[in-house]
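Here is the structure we will look at.
Residue numbering restarts at 1 for every chain, and letters A, B, ... go by the order of the sequence lines.
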There are 2 protein chains.
Amino acid sequence: MSPITVSRVLNRPELVTPDTMEVVREAIARTGYVPNMLAGGLASKRSRLVAALFPTIASSMFAETMEALTDRLGEAGYQVLLGLSGYPAAREDDLLEAILSRRPDGILLTGIVHSASTRQKLLAAKIPVVEIWDYTPTPIDMLVGFSHERVGEAVGDYLIAKGYRRLAMIGGDDDRAMQRRKGFLSSLAGHGIEDVPTMAIPAPGSLRTGRQQMARLLDEGHRPDAVFCNSDALAQGVLAEAQSRGMSVPGDVAVMGFGDLDFSPYTFPALTTVRIDRRGIGRIAAEAMLARMEGRAGPEKVLDVGFEVIEREST
Amino acid sequence: MSPITVSRVLNRPELVTPDTMEVVREAIARTGYVPNMLAGGLASKRSRLVAALFPTIASSMFAETMEALTDRLGEAGYQVLLGLSGYPAAREDDLLEAILSRRPDGILLTGIVHSASTRQKLLAAKIPVVEIWDYTPTPIDMLVGFSHERVGEAVGDYLIAKGYRRLAMIGGDDDRAMQRRKGFLSSLAGHGIEDVPTMAIPAPGSLRTGRQQMARLLDEGHRPDAVFCNSDALAQGVLAEAQSRGMSVPGDVAVMGFGDLDFSPYTFPALTTVRIDRRGIGRIAAEAMLARMEGRAGPEKVLDVGFEVIEREST
DNA sequence: GTGAAAGCGCTAACAG
DNA sequence: CTGTTAGCGCTTTCAC
């Protein structure tokens, strides 16, 4: 029995007779043979590895996308190498270099802002690239996400429609947060509201920093009737601070979050937020990548999955 | 200039003169050469890859451990392959098989309960194995964690000392939750309390399920003065249900969580919980693994990192 | 349907 | 300090 027959039983069983297959399978089980994908990948130039770069997975925002991605790719026989680029994506370029040396068959990046060097390495690798969690009509290769500027606009429009006029914002300083801020301010400017205090803090925001920034906002004399927070965690901090000062929500101050985490609607019925299909992004990104890796037709190259403003004024 | 010299510049720069190094470095930069670690790993039998198996990373419990692990291993030049085994660890064995075919230099598993087949594969792989997030004096190889049974006991002792006598428990059905339950019940039994309603739900528990189970508990006529929840998410659900029924916390019912997530102390000052050093576990596990992979002396093979009951009766 | 030969890109071992 | 040789374990290609 030659090595190539074993290889075929494992990778292309349709080229082998049931008899030989049986013999080989039995031998594999008996000897405890474990294939070596380093050798296989080297010879075939297919590593069956996909790399995924996220700023962090400590927030369940990205963690759920990562899970959905891993699940779908796992079904198809791929494994996922996780790279954590941090905020800001300081390490993205070095990480990418290390990752490309493993010859992944595809790569997923969070966001659309990458250094020239990163873009160039990606192009040189000649593998499918999916950018997620943001939107541009001209991605490096494929994209599955939504426009953060449009989120900001939608939130601005929503709060204006609800009658709020003294707006404030508390947000992280990452690119996507800045886009949401831009959309928010532009929506408000369209309604003649120009003076919008914005507290920027280092991403990722936490409940703690949200609470601190709300305190600072109030201590500086601002009296917003609505605050847009760049994450639900920040929003919870804002709510905590408002409550500790005896302010009613949304009576004295309305609070708008972003993300729609599991706990949000329960712990703070007053919290209105923006829902993102976190797992959907991962699943669709996996689908797009698989299609390209296996030469099938996939979803569109640029897919805007959108978002949804979730109202929860009171419960 | 021979290939081996390039290899040495990249991997063992101390064996090369500054001059040749300079020349090679320049050529690498100029040509955009990207090393191929599949080939390198195959030849050297060192993949510089570590695999980590978690049930999920959607809870920030494990996500933070994963981050700390990835950070520390990344500094040392290793990358981390993430495997999600799910609850229950149904896929652990298949996942392990797929993972071992990449020839990782080390492997990290969550928990100490593994199938015979899993243990046998692990032993056969002859690589460092670190089990985390649980405790046994006899791990497969190394261990960094804490005893869930002791957590249960500590919580029982704590609630008894506070004067509570009508106890209940809401918890997941995974192995570790069961250990906490065992410790909890044994502590209570030691104080003559035998009748402890326990609601078991599929792991991982969420705020939603916590709230449902609390409702069921009350609807079934139980009137606990304290409820021990197997996660902070469940605890928040319990708190939400209690509040919606107009019960005061901890006046009418005290709520005890597990995990000490960032939001817990702020959103529910009344929530007392158990703090786990989530990042510490990841960092120490990485340290232990690195020590073994690089032939250094590391921390002890079996490390109980303990836990801490965090009191936050009122704020 | 199965096998033999060659080679993927790198590094261990040993020379020089 | 640098180079030569051989080979890691698999898959491609081309015979049979």
Side-chain angles (χ1 to χ4, degrees), chain A residues 1-49 51 77-79 81 97-105 121 124-127 293-295, chain B residues 1-28 30-49 77-79 81 97-105 121 124-127 293-295:
Chain A
M1 187 102 328
S2 72
I4 185 62
T5 305
V6 179
S7 170
R8 283 201 265 253
V9 169
L10 261 22
N11 301 315
R12 318 198 54 192
E14 71 278 10
L15 298 183
V16 145
T17 55
D19 290 357
T20 47
M21 197 148 101
E22 180 53 34
V23 177
V24 173
R25 286 252 158 86
E26 187 278 325
I28 286 174
R30 184 167 36 76
T31 60
Y33 168 77
V34 180
N36 184 331
M37 292 185 84
L38 296 176
L42 178 62
S44 68
K45 305 197 173 307
R46 295 194 59 205
S47 61
R48 297 201 156 275
L49 200 67
Y78 290 82
Q79 284 161 267
L81 196 65
E97 178 126 23
I99 279 172
L100 289 178
S101 70
R102 305 241 175 233
R103 296 294 186 271
D105 291 338
K121 288 190 180 106
K126 295 192 205 302
I127 54 175
M293 294 188 302
E294 302 179 347
Chain B
M1 189 103 326
S2 70
I4 186 67
T5 306
V6 178
S7 170
R8 284 202 264 253
V9 168
L10 261 22
N11 301 315
R12 319 199 51 193
E14 70 281 9
L15 298 183
V16 147
T17 55
D19 290 357
T20 47
M21 197 147 102
E22 181 53 33
V23 176
V24 173
R25 287 250 156 89
E26 188 279 326
I28 287 176
R30 183 165 40 73
T31 59
Y33 168 76
V34 180
N36 184 330
M37 291 184 83
L38 296 178
L42 178 61
S44 67
K45 304 193 173 309
R46 296 194 56 203
S47 61
R48 295 201 155 277
L49 200 67
Y78 289 82
Q79 282 159 268
L81 196 65
E97 178 126 24
I99 279 172
L100 289 178
S101 70
R102 304 244 174 230
R103 298 292 187 270
D105 292 338
K121 288 188 180 105
K126 295 193 204 307
I127 54 176
M293 293 188 302
E294 302 179 344

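- Of the possible donor and acceptor atoms, none in the side chain of B:S7 sits under 3.5 Å from a partner among the backbone N and O of B:P3.
- Remark: A:T5 is not in phosphate contact with C:dG1, judged by side-chain N or O atoms under 4.0 Å from OP1 or OP2.
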Inset, instruction - Would you sort out whether B:Q79 and B:R48 count as a side chain to side chain donor-acceptor pair (under 3.5 Å), showing the intermediate values? - result: CA-CA 7 Å; B:Q79 282 159 268; B:R48 295 201 155 277; over 6 Å; no
Inset, instruction - Report, as a single string ordered 5' to 3', how protein heavy atoms within less than 4.0 Å touch nucleotides 8-16 of chain C: B base, S sugar-phosphate only, - not at all. - result: BBBSB----
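- Put simply, the side chain of B:P104 does not reach to within 4.5 Å of the side chain of B:L81, judged on heavy atoms.
- Side-chain contact between B:P35 and B:L10 is present, with at least one heavy-atom pair separated by less than 4.5 Å.
- Residues satisfying the side-chain contact (heavy atoms from CB on, under 4.5 Å) test with B:A43, not counting sequence neighbours, are none.
- The main-chain N or O of A:V9 is never found under 3.5 Å from a side-chain atom of A:R12 such that the two would form a donor-acceptor pair.
- In this structure, B:R102 and A:L49 have side chains that are in contact, with non-hydrogen atoms separated by less than 4.5 Å.
- In 5' to 3' order, the nucleotides of DNA chain D bounding all contacts with chain B (an atom under 4.0 Å from a heavy atom) are D:dC1 to D:dG9.
- In this structure a side-chain-to-backbone donor-acceptor pair under 3.5 Å is present from A:S47 to A:R103.
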